[in-house]
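Since the structure is predicted, the reported quantities are computational estimates derived from the model, not experimental observations.
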Amino acid sequence: MSSPTGNPVLDGPKKLAAAFPHKELSMASLSVHADDYINNHQAVAPPMHVSTTFRYAENPDDLKPWENVNPNAPYDSHIYSRDSAPNSTRLEAILTSLLGAPTLTYASGLSAFHAMIVFLNPKRVAIGGGYHGCHGILKLMKKLNGLEKLELESDADLAKLQPGDVIHVETPLNPTGEARDLAYYRRKADELGCYLTVDATFAPPPLQDPFKLGVDIVMHSGTKYFGGHSDMLCGVLAFRPDKAQEWLPALLEERLYLGAVLGSLEGWLGVRSLRTFELRIKRQAESAQKLVDWLVEEKAKEGSLVSEFVTRIQHASQQPEAKEEGSWLRKQMPGGFGPVFSIYLKSEQQAKRLPSKLHLFHHATSLGGVESLIEWRAMSDLEIDKRLLRVSVGVESWDDLRDDLIQGLEALKKDPKAQ
């Protein structure tokens with residue numbers, strides 16, 4: 001990845017910012033224009049480049065090892081796609097702008113988590129519940145180098161951490177959608193000399209900004225809300241700006257050898273998806289909140305359809321701190337409490353059979369897409385409570401989704417196998 005000053009991830013956005021010296025552009029505008037400086041073609045829609053390799057300069061005097069700047073496209077100059085490529089470069093430029101920190105993309109969320117652990121190279125990682133795939137990566141690392149996994153919510157385990165180790169917090173948490181206090185873990189990381197890393201997949205901006213709480217690295221499964229259409233795999237790492245100049249060269253080199261780069265199609269799909277990012281995430285979060293509020297209200301009514309089947313509703317909005325003005329949760333998630341929540345039904349059979357009775361919720365794993373999903377979570381997480389259903393709210397009308405849940409519960413009531 002070449003540019004006149006050496007790094008388009010850091011340098012490129014200055015062109016757009018310079019045009020608006022007296023204001024900060026909105027997330028909606030940045031989603032559409034943050035990559036404009038890379039464009040060197042008259043086409044309005046970004047093209048998709050599929051080439052894996054790129055021609056060197058024709059003049060032998062211009063040849064420099066591992067440098068291939070095209071003077072006609074200084075921010076879109078490449079050598080080999082395992083290092084950088086046009087579509088992923090544009091995607092990284094937009095994400096850097098939206099996340100407010102230098103950002104790199106990877107082939108998947110798990111490959112991003114793996115790259116982060118390889119780079120920080122801790123001897124111990126404190127991690128809570130959350131996505132089982134991250135625990136799988138740590139299991140592999142233990143096999144390779146003896147990495148010790150510690151329990152995040154155990155004071156005794158946290159006391160075992162040493163300088164250079166990692167505190168990894170997933171917030172909101174998969175699959176419940178409940179939040180964890182990042183300011184608290186920042187203080188613990190400072191006390192112990194540890195890195196604080198966060199998986200913020202379930203609440204991307206504008207819902208929360210972990211960098212405002214001093215996080216060192218923010219990870220996202222870009223497959224989810226950045227992709228937003230259930231059609232691309234992507235991982236994202238963003239780095240606190242005061243560390244980026246030091247960290248980025250090593251991270252880029254390690255990504256080159258790990259080989260976990262984003263494909264050209266996925267890079268193009270990511271740019272396409274981010275154009276509507278703010279529109280999607282705001283609607284999804286608002287609709288999820290309305291559904292959660294409705295479920296909570298109905299569950300409290302004796303004899304209601306919801307109270308007959310639902311025993312528990314989990315979401316950040318249902319944590320006690322959500323109702324406290326000035327609480328850590330209200331400060332941490334000023335933009336809303338996220339589009340994912342979980343419900344527990346009274347029996348495994350009820351949880352297993354409800355999804356097939358719905359019409360607007362697809363029964364599938366993953367989350368973050370424009371379509372609403374519901375998953376009997378035991379299908380993909382073997383250790384989860386088998387009464388749990390994870391709900392990912394899409395962009396449909398919330399009242400249509402509510403009515404679909406009502407008719408689904410009515411159908412469940414008539415199902416003799418669900419009794």
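- Under the 3.5 Å distance criterion, the side-chain polar atoms of S392 are matched with a main-chain donor or acceptor of G368.
- Within the 3.5 Å criterion, the main-chain N or O of I94 finds no donor-acceptor partner in the side chain of D35.
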Walk me through whether S317 and H315 qualify under side chain to side chain donor-acceptor pair (under 3.5 Å). CA-CA 5 Å; S317 69; H315 187 237; 2.7 Å; yes
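- In this structure, W268 places its CH2 atom where only 12 or fewer heavy-atom neighbours from other residues, nucleotides or ligands lie under 6.0 Å away.
- In this structure, D231 pairs ionically with R272, as a charged nitrogen and a carboxylate oxygen lie closer than 4.0 Å.
- Between G214 and R240, the shortest heavy-atom contact is O-NH1, 3.9 Å.
- Counting only heavy atoms from C-beta outward, the side chains of K149 and C134 never approach each other to under 4.5 Å.
- Using a 3.5 Å distance cut-off with no hydrogens or angles, the side chains of S84 and H78 do pair a donor with an acceptor.
- Between N87 and P46, the closest side-chain pair of non-hydrogen atoms is not below 4.5 Å.
- Using modelled atom types and a 3.5 Å distance limit, the side chains of H41 and N39 yield no donor-acceptor pair.
- Counting only distance, with no hydrogens or angles, the side chain of D157 and the backbone of L152 share no donor-acceptor pair below 3.5 Å.
- With a 6.0 Å radius and a threshold of 12 heavy atoms from other residues, nucleotides or ligands, L144 has its CG atom above the threshold.
- H363 places a side-chain N or O within 3.5 Å of a backbone atom of W376 that can act as its donor or acceptor partner.
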For a side chain to side chain contact (heavy atoms under 4.5 Å, CB included) check, start with the C-alpha distance between N72 and N40, then their side-chain angles and the critical distance, and finish with the verdict. CA-CA 8 Å; N72 297 316; N40 54 74; over 6 Å; no
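- To the nearest 0.5 Å, the span separating CG on L262 from OG1 on T89 amounts to 10.5 Å.
- Put simply, the side chain of S273 never gets that close to the backbone of G228: no donor and acceptor are under 3.5 Å apart.
- For F113 and H168, the ring centers sit closer than 6.0 Å to each other.
- Taking the six-membered ring where the residue is Trp, W247 and Y195 present perpendicular rings, their angle passing 60° and hence far from 30°.
- The residues K188 and D155 are annotated as not salt-bridged, no charged nitrogen and carboxylate oxygen being separated by less than 4.0 angstrom.
- With salt bridges taken as basic N to acidic carboxylate O contacts below 4.0 Å, none links D190 and R187.
- A distance of 12.5 Å separates CG in L389 from NZ in K352, rounded to the nearest 0.5 Å.
- Remark: E170 CD to F202 CZ distance equals 6.0 Å, nearest 0.5 Å.
- Between T276 and V370, the closest side-chain pair of non-hydrogen atoms is not below 4.5 Å.
- In this structure, S372 contributes its side chain and G394 its backbone to a donor-acceptor pair below 3.5 Å.
- Salt bridge R186/D181: absent, no basic N to carboxylate O contact under 4.0 Å.
- Panel note: side chain S356, backbone R353; a donor-acceptor pair is recorded below 3.5 Å.
- Remark: side-chain polar atoms of R82 are not paired, donor with acceptor, to backbone N or O of V261 under 3.5 angstrom.
- Taking 4.5 Å as the limit, every side-chain heavy atom of E266 sits out of range of all side-chain heavy atoms of L91.
- Residue F211 comes nearest to A238 through the heavy atom pair CZ-O, 3.4 Å, listed as atom of the first residue, atom of the second, then distance.
- Atom NZ of K331 is separated from atom CD of E324 by 11.5 Å, given to the nearest 0.5 angstrom.
- With a 4.5 Å cut-off on side-chain heavy atoms, Q284 and Y225 count as touching.
- For Y184 and W328, the gap between ring centers reaches or exceeds 6.0 Å.
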D293 vs K290, salt bridge (Lys or Arg N to Asp or Glu O under 4.0 Å): CA-CA, chis, key distance, verdict: CA-CA 5 Å; D293 290 343; K290 290 177 181 178; over 6 Å; no
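- In this structure, L150 and L158 have side chains that are not in contact, with every pair of non-hydrogen atoms separated by 4.5 Å or more.
- Within a 6.0 Å radius of NZ in K323, more than 12 heavy atoms belonging to other residues, nucleotides or ligands are found.
- Between E278 and K282 a salt bridge is recorded (basic side-chain N to carboxylate O distance below 4.0 Å).
- Using a 4.5 Å cut-off on side-chain heavy atoms (C-beta onward), Y80 and T53 make contact.
- The backbone N or O of D83 sits less than 3.5 Å from a side-chain atom of R255, completing a donor-acceptor pair.
- Here the shortest heavy-atom pairing between G128 and E151 reads CA-OE2, 4.0 Å.
- Distance check, rounded to the nearest 0.5 Å: CG of L120 to OG1 of T197 gives 7.0 Å.
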Chi angles and distances behind the side chain to side chain contact (heavy atoms under 4.5 Å, CB included) call for L405, V391: CA-CA 11 Å; L405 287 172; V391 181; over 6 Å; no
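- At a threshold of 4.5 Å between non-hydrogen side-chain atoms, the residues D76 and N70 do not count as touching.
- L258 CG to E253 CD: the interatomic distance, rounded to the nearest 0.5 Å, is 10.5 Å.
- In this structure, the side chain of Q208 engages the main chain of T171 through a donor-acceptor pair within 3.5 Å.
- In summary, R330 and E325 engage in a salt bridge, as defined by a charged side-chain N under 4.0 Å from a carboxylate O.
- Across every non-hydrogen atom of Q407 and L358, the tightest pair is NE2-CA, 3.8 Å.
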